[in-house]
Amino acid sequence: MALLSPSHRLRRTPFSEGVEAAGVKAYTVYNHMLLPTVFRSPEEDYRHLKEAVQVWDVSCERQVELRGPDSGRLMQMLTPRDLRGMTVGQCYYVPIVDETGGMLNDPVAVKLAEDRWWISIADSDLLYWVKAIAHGWRLDVLVDEPDVSPLGVQGPKADDLMARVFGDGVRDVRFFRYGIFDFQGRDMVIARSGYSKQGGFEIYVEGGDIGMPLWNALFEAGKDLDVHAGCPNLIERIEGGLLSYGNDMNSNNTPHECGLGKFCNTHTAIGCVGRDALLRVAKEGPVQKICPVEIDGPRVPVCDRWWPVTVDGTRIGRISSAAWSPDFDTNVAIGMIRMTHWDAGTEFDVDTPDGTRRARVRSGFWS
Ligand code: THG
């Protein structure tokens with residue numbers, strides 16, 4: 001593919017200078033912003049992520065900020081996950097649904113105060129939906145995109161690197177919780193979360209001006225930890241079953257089809273705009289579901305279009321993400337598969353651009 005033409009619509013990030021100096025080889029566009037996808041090679045990045053520590057420019061995980069007395073009410077209108085038990089200091093992975101129960105986004109919600117939230121969004125223009133609901137319901141809340149850019153620190157040595165920059169206190173931050181830590185006199189929200197299964201943190205960097213100083217401090221502190229610039233890794237996230245909005249699912253899918261039913265409490269999520277629709281689909285159950293899939297044969301090509309999944313020529317699903325996995329010595333994939341074929345072990349054909357391949361549902365790549 002040719003190069004991307006830079007323009008004002010394609011936003012750089014506070015860390016772009018560091019990303020370029022680190023030798024980024026490819027970008028994608030996510031929330032109208034640059035997101036690195038490769039530094040050395042997908043396989044080298046994957047191996048290094050599993051063995052060391054990486055710093056990720058995930059600024060494209062833009063925040064939708066809610067401020068004001070109706071913030072909590074608005075947040076609950078957006079998601080079928082019951083937020084009543086959520087305390088300040090917690091993060092929740094939350095499906096966001098429209099009035100038909102269709103998935104609009106799958107962000108991380110960060111509760112900063114009773115009257116202040118960040119919604120750390122996946123790749124869809126969620127801001128407009130949230131603003132429209134706030135306005136339409138005449139809610140007492142301000143909805144904006146603040147100057148906040150998440151920086152991921154991911155990998156088995158993430159705790160050691162973070163402790164050197166922020167002190168040993170960061171080690172005590174629990175999964176999907178955050179603490180406030182100082183960097184050069186600035187408060188930073190630091191959560192134990194991130195788009196990999198290797199462990200690590202996300203630093204919500206407020207104010208673009210402090211971006212490069214923080215980037216440089218992490219690389220300076222981590223020299224002997226083999227710290228390297230990294231990015232969400234396609235192979236690792238498929239192995240880990242982490243979904244990619246716009247690739248694996250979109251607004252035509254319900255959370256239940258996406259395997260996100262465990263993040264829905266539709267009966268008690270009073271006020272959620274998709275509640276009635278979801279109560280209906282939850283009762284019937286979905287007729288197709290996202291499944292881990294193994295695809296036989298040599299390395300598959302890049303999956304940039306859905307690949308049909310067929311049995312005797314009849315379409316029973318689609319593959320939306322796929323990559324060669326060095327650790328599993330097979331192609332790992334994510335597919336939306338009809339209920340007749342979604343049990344682990346069920347075999348079918350996948351029409352890849354390289355020809356038809358035999359494939360089967362797995363129970364997960366780690367179980
Ligand atoms: N972190 C933050 N914002 C994000 C992402 C992130 N915005 C975009 C995108 N990623 C949103 N999608 C996801 C997908 C999966 C997870 C988080 C955000 C995730 N899932 C874990 C899992 O499925 O194993 C844990 C979920 C849980 O137990 O609560 O982490 O990565 N800030």
Side-chain angles (χ1 to χ4, degrees), residues 13 28-37 49 54-65 78-83 85-87 89-97 103-112 117-127 130 145-146 148-155 158 173-178 188-206 230-234 236-250 253 255 258-265 290-292 320-321 334 364-367:
T13 85
T28 187
V29 177
Y30 193 102
N31 285 323
H32 316 278
M33 194 171 246
L34 290 170
L35 170 62
T37 53
L49 169 62
Q54 297 183 345
V55 178
W56 292 6
D57 177 2
V58 282
S59 301
C60 65
E61 295 168 355
R62 302 313 297 166
Q63 309 306 303
V64 173
E65 182 173 77
L78 300 173
T79 181
R81 187 161 177 183
D82 189 336
L83 303 176
M86 187 178 183
T87 59
Q90 276 190 299
C91 311
Y92 271 13
Y93 181 39
V94 287
I96 304 286
V97 298
M103 291 278 299
L104 293 181
N105 205 288
D106 68 329
V108 175
V110 183
K111 186 169 181 178
L112 298 165
W117 300 67
W118 282 338
I119 311 174
S120 184
I121 63 172
D123 187 20
S124 79
D125 293 315
L126 193 68
L127 183 66
V130 180
E145 181 185 313
V148 171
S149 300
L151 188 64
V153 178
Q154 298 285 305
V173 176
R174 289 153 61 200
F175 186 62
F176 268 63
R177 306 256 170 171
Y178 69 82
M188 305 215 164
V189 171
I190 300 184
R192 190 180 289 278
S193 58
Y195 199 64
S196 89
K197 288 290 192 181
Q198 305 311 308
F201 300 87
E202 290 178 303
I203 309 165
Y204 291 83
V205 180
E206 265 188 276
C231 49
N233 181 272
L234 178 68
E236 197 270 348
R237 76 105 181 148
I238 296 173
E239 288 179 358
L242 296 174
L243 303 180
S244 170
Y245 187 80
N247 285 319
D248 301 319
M249 74 291 203
N250 59 32
N253 303 117
C258 304
L260 300 179
K262 58 179 177 280
F263 300 111
C264 298
N265 323 90
I290 286 182
C291 300
S320 49
S321 298
I334 293 173
F365 286 104
W366 296 110
S367 46

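This one's a predicted model, so the numbers in the text were calculated from it and none came from an experiment. In listed order, ligands and their atoms are each counted from 1.
Given atom 24 (O) of ligand 1, the protein heavy atom at minimum distance is K197 NZ, 2.3 Å. For atom 4 (C) of ligand 1, the nearest non-hydrogen atom of the protein is E61 CD, 3.4 Å. Protein heavy atom in closest approach to atom 30 (O) of ligand 1: F176 CZ, 3.5 Å. Counting only heavy atoms of the protein, atom 23 (O) of ligand 1 lies nearest to L242 CD2, 3.8 Å. For atom 9 (C) of ligand 1, the closest heavy atom belonging to the protein is Y30 OH, 3.8 Å. Closest to atom 11 (C) of ligand 1, if we only count protein heavy atoms, is D106 O, 3.1 Å. Nearest to atom 3 (N) of ligand 1 among the protein's heavy atoms is S120 OG, 2.7 Å. Taking atom 28 (O) of ligand 1 as the reference point, the nearest protein heavy-atom neighbour is F175 CE2, 3.8 Å.
Residues I96 and I121 have side chains not in contact (no heavy-atom distance under 4.5 Å, counting atoms from C-beta outward). Side-chain contact between M103 and N250: absent, with no pair of heavy atoms (C-beta onward) separated by less than 4.5 Å. Looking at C264 and P95, their side chains come closer than 4.5 Å, going by heavy atoms from C-beta outward.
The ligand atoms of ligand 1 that sit less than 4.0 angstrom from a heavy atom of E202 are 1 (N), 2 (C), 6 (C), 31 (O), 32 (N). Those atoms of ligand 1 that come under 4.0 Å of a heavy atom in Y204, given as number and element, are 32 (N). Near I121, meaning under 4.0 Å from any of its heavy atoms, are these atoms of ligand 1: 7 (N), 8 (C).
Salt-bridge formation is detected for the pair R237/D248: a Lys NZ or Arg NE/NH1/NH2 atom is positioned less than 4.0 Å from an Asp or Glu carboxylate oxygen.
With values rounded to the nearest 0.5 angstrom, L260 atom CG is found 7.0 Å from I290 atom CD1. Between atom CG of residue L127 and atom CD of residue E145 there is a gap of 6.5 Å, rounded to the nearest 0.5 Å. Annotation: the span from T87 atom OG1 to K111 atom NZ amounts to 7.0 Å, rounded to 0.5 Å. A distance of 6.5 Å separates OG of S124 from CG of L104, quoted to the nearest 0.5 Å.
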Practice problem: Could you please spell out the steps behind the side chain to side chain contact (heavy atoms under 4.5 Å, CB included) verdict for L34 and C60? | Solution: CA-CA 7 Å; L34 290 170; C60 65; over 6 Å; no
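Counting heavy atoms under 4.0 Å from ligand 1, residue Y245 does not touch it at all.
Ligand 1 has no atom lying under 4.0 Å from any heavy atom of S193.
With distances taken over non-hydrogen atoms, the option nearest atom 31 (O) of ligand 1 out of F263, Y195, Y93, W118 is Y195.
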